[in-house]
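Right, one structure below, let's go through it.
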2 protein chains.
Amino acid sequence: MDIVRRNTDYAARLMVHLAKHYGNGPISTRTAAAEEQVPYQLACKLMQKLNNAKLVTSCMGPKGGFVLGAEPSKISLLEVVEVIQGPISMNRCVLNEDACSRKTICTVREKLIDLQKIITKGLAAITLDELTRRGRSNRNTGKRKRIKQ
Amino acid sequence: MDIVRRNTDYAARLMVHLAKHYGNGPISTRTAAAEEQVPYQLACKLMQKLNNAKLVTSCMGPKGGFVLGAEPSKISLLEVVEVIQGPISMNRCVLNEDACSRKTICTVREKLIDLQKIITKGLAAITLDELTRRGRSNRNTGKRKRIKQ
DNA sequence: ATCATATAAGATAATATATGTCTTATATAA
DNA sequence: TTATATAAGACATATATTATCTTATATGAT
């Protein structure tokens with residue numbers, strides 16, 4: 001099992017798609033899902049989660065869709081991960097303080113906590129704008145995309 | 001989902017138990033399982049896996065059991081993790097090179113690879129002898145309590 | 001040789017989690 | 001008013017993880 005799960009990967013793609021069109025009005029889930037190769041219905045659910053977490057803003061009705069809730073440089077991969085799959089956890093004794101009575105003396109736990117901090121910091125350092133900048137042609141065929149109107 | 005899974009935690013406890021009695025002949029799974037609060041039958045399966053990976057050596061028959069395959073200082077938590085739950089993977093595009101066609105230009109992938117290296121190095125740095133040294137009673141590392149047989 | 005005790009191995013069951021689909025309701029621009 | 005979009009949650013499927021059960025086999029001790 002991967003630390004970053006498939007649904008999170010999907011959501012990240014959708015977010016990056018919105019980031020690429022940031023400032024051009026709402027993008028429909030249908031469009032984003034099609035372009036980023038995400039199953040449409042699933043994309044709807046993911047967008048709902050992202051919306052509830054205020055990572056995106058919804059605009060209902062025709063010509064509606066979603067807009068990023070903040071500038072691409074202000075949204076990190078960590079936020080997407082946590083919204084979609086929950087917090088990163090090395091072990092349940094790290095996530096849940098009550099899981100282990102030995103927590104005050106356990107040296108493993110300390111080290112797992114350190115590792116976990118490194119992971120979350122690493123993911124927090126990856127922002128959406130960064131992901132739009134380089135190497136972000138489509139996973140399709142590498143065909144250039146037209147600018148949305 | 002935790003990065004270090006429950007079975008891995010169980011296996012780690014069993015290994016630490018063997019480490020604590022290193023040099024005193026084989027320890028039966030029944031004993032180790034009981035002391036470390038691991039379901040017995042499950043412990044058997046875990047020991048089998050550890051045995052196949054040469055992390056422990058089996059001694060059949062009465063007064064038999066398992067012995068560590070190497071000195072406690074030579075066995076790391078990473079080895080236990082990899083034997084029981086397989087390699088740590090940030091994303092499938094990291095584990096499986098064919099998972100994404102964008103891998104040569106993808107900046108996220110590079111960063112995920114870096115993070116993954118940090119995790120594996122961190123786990124590799126934690127050795128069994130270290131885990132026996134402090135935090136005396138090693139029981140109850142925080143998983144569901146369940147004793148069988 | 002027989003027996004008691006231990007591991008070996010694999011089938012199977014039970015759970016938990018993740019992923020994907022479907023239906024109905026609601027908002028809104030044109 | 002209508003077409004198009006999101007909202008929400010039920011439902012279904014797939015996969016992974018954890019746990020148990022059964023039978024076979026090895027071996028030290030009697």
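Here the structure is a predicted model, which means the values were calculated and not measured. Quick note on labels: first sequence line is chain A, next is B, and so on, each numbered from 1.
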- Message: Rounding to 10°, can you tell me the angle the first-five-pair axis of the helix from dA1(C)-dT30(D) to dA30(C)-dT1(D) makes with its last-five-pair axis?
- Response: 10°
- Message: Rounded to whole Å, how long is the line connecting atom CG of Leu42(A) with atom P of dT23(C)?
- Response: 17 Å
- Message: Looking at Asn7(B), I'd like to know whether one of its side-chain N or O atoms comes within less than 4.0 Å of OP1 or OP2 on dA19(D).
- Response: yes
- Query: Is any side-chain nitrogen or oxygen of Tyr10(A) closer than 4.0 Å to OP1 or OP2 of dT19(C)?
  - Reply: no
- Item | Within one Ile-Leu-Val-Met-Phe-Trp-Tyr cluster: Leu42(A) and Val80(A), side-chain cutoff 4.5 Å | yes
- Task: Starting from P on dT18(D), measure out to CG on Asp2(B) and report it in whole angstrom.
- Result: 9 Å
- Does a salt bridge link Asp9(B) with Arg13(B), judged by any charged N lying under 4.0 Å from a carboxylate O? yes
- What about Gln48(A): does its side chain form a donor-acceptor pair under 3.5 Å with the base of dA8(D)? yes
- Message: Taking 4.0 Å as the cut-off, does a side-chain nitrogen or oxygen of Asn51(B) come that near to OP1 or OP2 on dT7(C)?
- Response: no
- Query: Rounding to a whole Å, what distance do you find between Arg6(B):CZ and dA14(C):C1'?
  - Reply: 13 Å
- Task: Grab the CG-P distance between Leu55(B) and dT7(C) for me, whole Å please.
- Result: 17 Å
Check the interface with nucleotides 10-15 of chain D: list each N/O to N/O pair with the protein under 3.5 Å, or write none.
{"unit_1": "dA10(D)", "atom_1": "N6", "unit_2": "Lys45(A)", "atom_2": "NZ", "d": "3.0"}

- Message: Categorize Tyr40(A) for me: base, sugar-phosphate, or nothing, with a 4.0 angstrom heavy-atom threshold over every strand shown.
- Response: base
- Message: Rounded to whole Å, how long is the line connecting atom CD of Gln85(B) with atom C1' of dT17(D)?
- Response: 11 Å
- Message: Of the listed nucleotides (dT20(D), dT7(C), dA18(C)), which one gets closest to any side-chain atom of Ser28(B)?
- Response: dT7(C)
- Query: What parts of residues 59-71 of chain B reach DNA chain D, counting only heavy atoms under 4.0 Å away?
  - Reply: Met60(B), Gly61(B), Pro62(B)
- Task: Give the intermediate values and the outcome of side chain to side chain contact (heavy atoms under 4.5 Å, CB included) for residues Thr57(A) and Phe66(A).
- Result: CA-CA 5 Å; Thr57(A) 305; Phe66(A) 290 91; over 6 Å; no
